[in-house]
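Throughout, protein chains are lettered first and strands after them, A, B, ... in sequence-line order, and every chain is numbered starting at 1.
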Amino acid sequence: MTASFRIEIRVVPRRGILDPQGKAVADALHSLGFPEVGDVRVGRHVVVETRAADAAEAGRRAAEMCEKLLANPVTEDFEIEQVVPV
Amino acid sequence: MTASFRIEIRVVPRRGILDPQGKAVADALHSLGFPEVGDVRVGRHVVVETRAADAAEAGRRAAEMCEKLLANPVTEDFEIEQVVPV
Amino acid sequence: MPVTPRPGDPTITPALVAEHGITPFEYERLLAMLGREPTFTELGIVSALWSEHCSYKHSRPLLRTLPTEAPWVLQGPGENAGVIAVGDGLAVAFKIESHNHPSAVEPYQGAATGVGGILRDVFTMGARPIALLDSLRFGDLESPRVRYLFSGVVKGIGDYGNCVGIPTVAGEVVFDPAYEGNPLVNAMCVGLLKEEELIRAVAQGVGNPIIAVGARTGRDGIHGASFASEDLSEENEAKRPRVQVGDPFTEKLLLEASLELIRSGHIVAIQDMGAAGLTSSSAEMAARGDVGVVIDTTKVPAREEGMTPYELLLSESQERMLVVAKKGHEDDVAAILQKWDLTAAVIGEVIAEPVYRVTEGDRVVAEFPGIRLVTDCPTYEPEARESDAIRAQRETDVAAIAELPEESDPVWTLTRLLSSPTIASKRWVHRQYDTMVRTSTVIGPGGDAAVVRLRGTDKAVALKVDCNGRYCHLDPYEGAKQAVAEAARNVACAGGRPKAITNNLNFGNPKRPEVYFQLREAVRGMGEACRALQTPVTGGNVSLYNENPNGAIYPTPVIGMVGLVEAIAHVTPAHFRRAGDAIVLLGENTAELGGSEYLQRVHGLAAGAPPRVDLDAERRLIDALLDAIAGGHVASAHDCSDGGLAVALAECAVGDEERWLGADVDLSAWDALPRRALLFGEAQGRVVVSTAAPDAVVATAARLAYAARVVGAVAADAHGVPVTAAGGRFTAALAALADADGGAIPRLMERAASASATAGESRPHHTTP
Amino acid sequence: MKFGIVTFPGSNCDYDAYHAVVDQLGETAAYLWHKDRDLQGADVVILPGGFSYGDYLRCGAIARFSPIMDAVAAHAARGAPVLAICNGFQIACEAGLLPGALLRNASLKYVCEQRHLRVETTDSRFTAGYEKGQVVRIPIAHGEGRYHADDATLDRLEAEDRVVFRYVGADGGSDDRSNPNGSLRDVAGILNEGRNVLGMMPHPERAVEPLVGSGDGLALFESIVARVAA
Ligand SMILES: Nc1ncnc2c1ncn2[C@@H]1O[C@H](COP(=O)(O)OP(=O)(O)O)[C@@H](O)[C@H]1O
Ligand SMILES: [Mg+2]
């Protein structure tokens with residue numbers, strides 16, 4: 001018996017690695033009237049709809065997906081943000 | 001007086017809008033041994049460090065940033081995931 | 001079985017009919033054709049097929065006047081793309097297409113999907129795409145919104161073409177306030193095929209299955225075709241259809257699969273599902289074959305649940321094709337698609353009964369007398385009247401306009417012109433395009449025309465898109481003639497014999513007499529030029545209603561020209577190559593200043609009569625140039641266009657980024673002309689040639705009774721460009737010229753990055769971070 | 001000698017590689033389909049440029065799982081040559097055949113143009129035909145070519161003479177314009193430990209004929225042929 005889950009995953013560039021996109025966004029925000037903005041970092045947000053026996057199992061499988069495919073271990077960190085039953 | 005906040009924002013392709021990247025990832029996951037996966041959508045995860053009077057104000061400004069720059073109003077939805085005092 | 005309205009469909013009211021862009025007159029025609037009230041689905045079908053975009057109802061009578069034939073034309077207008085023979089059993093397919101409206105709404109996706117559509121038009125002819133060109137127009141680059149549109153469009157074109165692996169080898173970019181609210185994005189594709197592989201999109205063979213191939217159908221861009229047939233008002237902005245998102249990866253697979261299918265012998269016809277999607281592709285294929293078709297919408301692979309026949313028929317989801325296969329070969333077709341990870345679904349068949357029928361399972365939801373669905377759309381020839389205001393602009397005495405004090409130094413004026421974004425180097429643009437993939441680009445962006453070799457032969461094609469909208473605004477007849485002549489001249493400069501054109505008519509609302517006048521006159525001028533230069537029209541595209549409450553765009557009939565280079569040795573670059581070569585000017589300088597970039601950039605004026613084109617002279621110029629090139633006498637050739645002779649000389653000097661060369665030029669033979677007209681006027685029929693054999697070049701021109709005169713010599717770069725003219729001598733430093741030319745657009749765009757005041761400048765599009 | 005050129009869905013420089021080795025070098029070549037597992041007896045494998053799987057998610061991230069890649073890895077493990085160009089380099093890094101990763105260009109823009117490279121080592125079967133320190137003109141065409149690896153890896157690459165090409169200016173020196181994408185230490189191409197896998201962002205297969213821009217890449221292919229034949 002399995003149930004449906006929506007898993008929200010974030011994959012972000014590891015600290016210390018140049019993030020030109022984050023910098024471009026910060027610059028653009030400054031000139032758009034948001035001078036208060038400091039650092040910006042841009043990563044990926046992945047939403048996976050899946051089935052699993054339970055939330056724990058869904059989370060485990062999601063971590064495997066990240067290790068195998070969704071994140072590059074050389075440059076990125078990932079986090080399973082949430083596993084939502086649907 | 002202002003305080004520092006870290007704001008986490010997600011921007012994802014709107015439902016019904018073609019997401020070729022999500023489709024390619026879903027297909028790849030299937031062939032990598034995750035047949036249980038259904039739809040996948042790939043968006044952006046943006047982390048903004050900023051200053052504001054309080055968390056409510058920081059969230060309001062972040063929504064403005066999304067409307068003006070971070071999300072494409074024609075094709076994407078955004079969500080302020082969290083506003084964390086730092 | 002009778003047609004039955006679907007439960008839940010809206011009832012047909014005059015308001016609903018009007019919302020579908022169908023006039024009361026057209027609705028009468030529809031009632032007469034059907035002999036009954038249409039269903040909602042039928043109304044949708046007709047609104048798409050009878051939209052301006054699909055039916056050409058305001059342009060067809062004019063387009064009929066264009067020359068379309070020549071011994072080398074294998075396929076003229078009416079198919080997905082035109083085709084010409086180039087010898088050795090090879091043929092070239094080419095076509096231009098606009099994506100103006102979608103790009104105004106979402107520049108990145110709008111431009112990207114424009115490239116996708118034109119690629120499909122070419123590969124559905126059985127041709128492998130070998131080159132892309134783009135013709136772009138925006139408002140003033142000082143405006144943040146314009147910079148947003150410009151950078152988004154360029155990125156969209158690049159990302160799509162680069163990913164599919166087709167080089168973008170040439171184009172043009174013009175900035176003028178006339179395009180402020182309505183940017184123009186036209187893309188052209190050129191493909192190569194063996195003559196015997198040519199396939200036409202004609203449905204044939206009763207019982208043959210109709211197969212939907214490629215991406216699934218979603219609710220994208222429903223009513224895109226009728227949307228492209230209206231002005232861009234705020235109300236339209238609100239009802240804009242869901243944006244189409246391009247998937248160049250799927251396109252690449254579709255390209256390979258389609259070519260394999262065509263060569264497999266399992267299919268009889270193939271067509272892109274472009275504007276008005278499934279509806280127009282199926283109706284047009286049926287009409288061309290004079291057969292009937294039946295389509296079951298429940299068989300169409302859908303991306304979303306609960307899509308109605310209306311939506312499935314009108315969706316403009318990208319990267320889809322419609323195929324008519326040979327009966328019994330369905331599995332072979334499916335196998336080829338499967339190899340490329342694509343799906344194929346049989347959704348209908350060719351029938352003997354001459355009807356266009358759509359079913360939803362067992363229910364017939366639409367049925368028309370086949371061919372009349374396409375042919376019964378009325379055509380219009382509205383009133384045409386030139387605008388008095390424009391006539392007055394043209395009749396301005398531009399010679400009387402006083403010079404600015406700064407103009408006493410012609411180098412100031414020259415620098416000002418070179419740094420005009422319209423004239424300046426477009427390297428910022430084409431550096432973002434893969435210009436070299438397929439390793440056949442002999443001359444890429446930056447030359448007069450691009451040259452792409454035809455592998456396996458000693459031949460090449462020379463390609464150019466061109467139009468001067470300001471000329472066409474001031475005088476649409478002369479302006480359109482000029483666009484053809486300039487494209488041909490550019491092709492000849494690169495060593496190619498002009499062969500045929502495709503064209504994109506970008507205009508305002510044809511129901512306004514001054515706009516219809518422009519359209520009529522432009523088509524007349526284009527036709528005349530094409531006849532004179534023996535470059536028939538093999539196809540094109542019409543984009544009307546490019547206007548907003550502030551007015552219409554300049555009339556912009558973009559010409560896409562294909563020429564044939566008979567031997568690779570004839571390929572000729574635009575820039576100087578050797579110090580010591582003589583510089584020969586082909587053609588005559590005149591006192592003309594009207595319509596020039598000089599008046600626009602220095603005096604802020606679009607005024608005066610645009611330069612006259614003498615078509616007979618242009619033909620002799622092309623012959624002279626090609627003879628001199630074939631004789632091995634020409635080291636470089638560059639035509640004089642925007643900015644005139646001085647700009648052309650500067651471009652010859654700094655055109656090769658890796659090696660500048662100076663020039664010492666004496667124009668005192670024309671001391672009788674006003675200096676600014678001599679240096680910056682845009683007289684037609686002029687080409688700057690550098691040569692080690694000036695006598696041979698001059699003699700060749702003389703044989704064709706064409707003016708030619710040695711005006712100087714190429715010099716080592718330290719010299720700069722000293723010019724003697726009008727009793728004086730001035731020298732332009734190469735570094736300053738190169739900086740004005742190369743730096744203008746990057747400087748404006750970098751400023752944009754730090755001072756953007758509108759959304760989206762650095763919006764991270766659908767790219768991986 | 002036989003070259004095997006892998007075609008992934010979305011590869012688009014496979015033709016160019018084919019023409020370089022067949023038309024310009026007169027060698028034989030076969031296209032290897034990504035779903036196959038057999039290298040058809042190829043002596044040299046080329047992972048060509050393009051946009052495998054649309055470059056979706058990350059360049060090369062999906063292609064590296066193609067069935068053919070097991071055979072390519074085994075071929076490399078035997079010490080046989082693999083030339084990974086542009087998207088091929090990205091795939092090779094994702095697959096672990098080469099260290100590091102290729103990130104989005106610092107300019108955030110795709111760049112296509114001729115570039116100058118300095119040959120940093122001739123101690124490889126790919127560059128034996130060049131002079132050490134020679135400056136060659138070879139085009140780039142990529143949006144994600146910024147080479148990244150941690151300092152330890154970069155130090156090791158240098159210590160082991162595994163940096164093959166660096167981006168330089170026309171005069172062989174480096175300045176603020178000579179690095180087109182922000183690659184760390186100007187790295188344009190690297191070798192694996194066994195020196196039989198070369199990954200590079202620039203396109204040598206587009207530089208085998210002066211007619212279309214440059215002939216400076218020909219020596220790379222000739223080096224491979226000379227070495228493997230020997
Ligand atoms: N959008 C573009 N894409 C590619 N190449 C372009 C683009 N715009 C201009 N170019 C190239 O820049 C050169 C100059 O273009 P243009 O000013 O239109 O030439 P001309 O004045 O001869 O008509 C040509 O080689 C053209 O192909
Ligand atoms: Mg020109």
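Neither the backbone nor the side chain of D:Asp150 comes within contact range of chain A; no heavy atoms are under 4.5 Å apart. Proximity to chain A (any heavy atom under 4.5 Å) is restricted, for D:Leu103, to the side chain, taken from C-beta onward. Proximity to chain D (any heavy atom under 4.5 Å) is shown, for A:Lys68, by both the backbone and the side chain.
The minimum heavy-atom distance between D:Ala101 and A:Asn72, with the atom names listed, is CB-ND2, 3.7 Å. Between A:Pro20 and D:Ala106, the shortest heavy-atom distance links the atoms CB-O, 3.4 Å. In terms of heavy-atom proximity, A:Ala24 sits nearest to D:Leu108 at CB-CD1, 3.5 Å.
Proximity of a side-chain donor or acceptor of D:Arg104 to a complementary backbone N or O of A:Gln21 within less than 3.5 Å is not detected.
At a threshold of 4.5 Å between non-hydrogen side-chain atoms, the residues A:Leu18 and D:His148 do not count as touching. Side-chain atoms of A:Thr75 and D:Arg58, non-hydrogen and from C-beta on, never get closer than 4.5 Å to each other.
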